[in-house]
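Heads up: the structure comes next, in structure tokens.
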Number of protein chains: 2
Amino acid sequence: MRYEAITIKDIAKALNLSISTVSKALRDSYEISEDTKDMVKAYARDHNYKPNPIAQSLKKGLSKSIGVVVCNIDNHFFSQAINGMEVVAGSRGYNVIITQTHESFEREVANVRHLSSRSIDGLIVSLSAETEDIGHFKQLHDQGLPIVFFDRVTPEIKTHTVISGNFKGAYDATLHLVAQGYTRIAQITSANQLSITLERLEGYRQALADSGIPLRDEYVRFCPHGGMIQAETEQAIRGLLALDPRPEAILTASDRLSTTTFSLLKEMQVAIPGEMAIVGFTNSVSAHIFDPPFSAIMQPAFDMGKQSMELLVQLIEAKRPVTEFERRVLDVELRIRASSQRAR
Amino acid sequence: MRYEAITIKDIAKALNLSISTVSKALRDSYEISEDTKDMVKAYARDHNYKPNPIAQSLKKGLSKSIGVVVCNIDNHFFSQAINGMEVVAGSRGYNVIITQTHESFEREVANVRHLSSRSIDGLIVSLSAETEDIGHFKQLHDQGLPIVFFDRVTPEIKTHTVISGNFKGAYDATLHLVAQGYTRIAQITSANQLSITLERLEGYRQALADSGIPLRDEYVRFCPHGGMIQAETEQAIRGLLALDPRPEAILTASDRLSTTTFSLLKEMQVAIPGEMAIVGFTNSVSAHIFDPPFSAIMQPAFDMGKQSMELLVQLIEAKRPVTEFERRVLDVELRIRASSQRAR
DNA sequence: CTGAAAGCGCTAACAC
DNA sequence: GTGTTAGCGCTTTCAG
């Protein structure tokens, strides 16, 4: 049931030229006379000729498509990032194939396998929360496939990375809580092998240390599935609430954890910020209309997406092997709202 | 800088067979002996052979990719719908190329042109708010390209459509407002030629009529860009607030309009629901933690995406021209929360 | 300035 | 049971 498009061959036949002449004319080759070019181009335009990208890809060995692996597009951080990627990809003639891991290692491996079998020109990846072994990426990378990691990155593969100021975001947010007079500050975070978890944890630790507040291990709760499994988050919260002394404030370390924790606290009738203050990483566009308004650490997701794609295209189109890799760290923005302010 | 994958030719050479024998062996042809098949398959597995989908596509004249046109993925309704599409596409061996119109007709045309030039096998579309002329789709459809419309559909092209119970959603929500004792009920809606606008308007009209409440034209405000331009929404709200008698309740008719209106009302210090009750279409996952909790009409976005993709794949893989088209209407769900309840 | 021919990786009709 | 050949649409030497 498909429609038949006009090909170079049709043009050649109609104009009584050879296929190669038409091809060259369309590509504005210097070998072809102006007259012929005009004739061919006019015919092509009138008959709505479109080069078949599949044939071009086969010939050139490039697919002009880029695979993207993220945990979930149903999340403002990632949808904004993808937005940014598409802007750049579109302007460079690439298209983007998006796959979601839903934080599952198994799905990540399957997605990567599927993408690579579809002959993509490159990969942009944010690791799933479950991922510890990155062999599936390493194999492709060793074969020469350009890869850029963003947000959740790994040091095991030498390539460009784009992240946000995770340390600084957590540091500033924690200091802000301290400034509000809180000293019993907890953190609910994602899987403990993720780069963002480590960096955000470190910012939190440093802020506590700089404030002379001892770190309590039991104040840090990990959710191995980054909030995809609500029961996990619920358990983390209940664990914190059961402690003595009980924390007065929480820093939530990822988008989904932020909204889930916020929502669960309300469900458990824990007053925010009266009984528990909260500040968290989130790119939700509605944080300011939450009850109470949610103090958010926002990442420049759109820009991260754009820059990741730029770096990837650069890698793909590089004439010689790239050996110097960039690690870009973009600023986060702390928007202080009522959820983290000391109740009067 | 790309990596070279192993091809059928390499296998043939290594095993001293012809290319076609290898091809047939890999596809389990009955013409090939078990021994040869085993040998070929073992070699292929060991050397991680992957058929080149580009070559297959060129040969078969199918790209195994599907274009999607939506206004914005940074919106829970669409990201959930795309989620659903990807599930089905993935299981059927297709991949999905997503493009965004940002409610602009011009970008819609450009996206469709780009997609069709990339030889896609089919298209899933939700029209942009600006779109009145659908010639760009009609042309492709007439050429035989399978298209499925969802959410924002058009009667001008005879094909499958998947929508939600827009009439019923608006009808129920309006009746709910009436039941709360409101009689001056306004609607803020999207561009007036969109199918969702018409259907939601009709549900609202019917509910008012059934309740014996006269319809006031000035209570209905259109935002031609569906809330993408905040000034438009702001003007709509100010217009309503300036009326005498002033409306007591608003029905917002799309995802973005709902959150924007809600946010702007708060900014303008209009008490919700005290001075203005509000209920709206939205698939936001945070509506229940808004201040006050937002009464939402939720669409089964994920399921709409799944069904759209199923219908499209059916169309693509149909052996004979399809002449009977389905119009699927999926139920919406009204979740009544504080924002639309009569203040005591 | 134009054209013939080879080939990208794969499939399929048709030999042998 | 296996191999030969042509061809999908296009680009690109290399001849003419």
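Within every chain, numbering begins at 1; the chains are lettered A, B, ... in the order of the sequence lines, protein sequences first and strands thereafter. The structure displayed is predicted, hence computed values, not measured ones.
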Whole-Å gap separating [atom2] ([N]) and [atom1] ([X]):
{"X": "Leu15(A)", "N": "dG3(C)", "atom1": "CG", "atom2": "C1'", "value": "15 Å"}
{"X": "Asp28(B)", "N": "dG1(D)", "atom1": "CG", "atom2": "P", "value": "13 Å"}
{"X": "Ile11(A)", "N": "dC10(D)", "atom1": "CD1", "atom2": "P", "value": "8 Å"}
{"X": "Lys37(A)", "N": "dC1(C)", "atom1": "NZ", "atom2": "C1'", "value": "11 Å"}
{"X": "Leu17(B)", "N": "dT11(C)", "atom1": "CG", "atom2": "C1'", "value": "17 Å"}
{"X": "Lys13(A)", "N": "dG3(C)", "atom1": "NZ", "atom2": "C1'", "value": "17 Å"}
{"X": "Leu26(A)", "N": "dT11(D)", "atom1": "CG", "atom2": "P", "value": "8 Å"}

In chain order, what residues pass the ring-ring contact (aromatic ring centres under 6.0 Å, His included) check against [X], with sequence neighbours excluded?
{"X": "Tyr49(B)", "result": "none"}
{"X": "His225(B)", "result": "none"}
{"X": "Phe149(B)", "result": "Phe137(B)"}

[N] OP1/OP2 closer than 4.0 Å to side-chain N/O of [X]:
{"X": "Gln56(A)", "N": "dT11(D)", "result": "yes"}
{"X": "Ser23(B)", "N": "dC10(C)", "result": "no"}
{"X": "Tyr49(B)", "N": "dG9(C)", "result": "no"}
{"X": "Arg27(A)", "N": "dC10(D)", "result": "no"}

Checking [X] now: which residues fulfil side chain to side chain donor-acceptor pair (under 3.5 Å) with it, not counting sequence neighbours?
{"X": "Lys37(A)", "result": "Asp28(A)"}
{"X": "Lys13(A)", "result": "none"}
{"X": "Ser20(B)", "result": "Ser18(B)"}
{"X": "Glu103(A)", "result": "Arg152(A)"}

For residues 301-311 of chain A, dump all side-chain donor-acceptor pairs below 3.5 Å to protein atoms at least two apart in sequence or in another chain.
unit_1    : atom_1 : unit_2    : atom_2 : d
Asp303(A) : OD2    : Gln307(A) : NE2    : 3.4
Gln307(A) : OE1    : Arg328(A) : NH1    : 2.7
Ser308(A) : OG     : Met304(A) : O      : 2.7

Does the ring of Phe325(A) carry Lys158(A) above it, NZ/CZ under 6.0 angstrom from centre and within 45° of its axis?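 No - Lys158(A) does not lie over the ring of Phe325(A) by the 6.0 Å and 45° rule.
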Please report the interatomic distance CG(Asn111(A)) to CD(Glu106(A)), rounded to the nearest 0.5 Å. 11.0 Å
So which pairs with a foot in residues 108-129 of chain B pass ring pair (Phe, Tyr, Trp, His ring centres under 6.0 Å), sequence neighbours left out? none
Grab the N/O contacts between the protein and nucleotides 4-8 of chain D below 3.5 Å, and write none if there aren't any.
unit_1 : atom_1 : unit_2   : atom_2 : d
dT4(D) : O4     : Ser20(B) : OG     : 2.9
dG7(D) : N2     : Lys59(B) : NZ     : 2.8
dG7(D) : N3     : Lys59(B) : NZ     : 3.4
dC8(D) : OP1    : Lys9(A)  : NZ     : 3.4

Just report the end-to-end axis angle for the helix from dC1(C)-dG16(D) to dC16(C)-dG1(D), five pairs per end, to 10 degrees.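 End-to-end axis angle: 50°.
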Please list residues of residues 29-36 of chain A whose heavy atoms come under 4.0 Å from any atom in DNA chain C, ordered by number; otherwise none.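 Nucleic-acid contacts, sorted: Glu31(A), Ile32(A), Ser33(A), Thr36(A).
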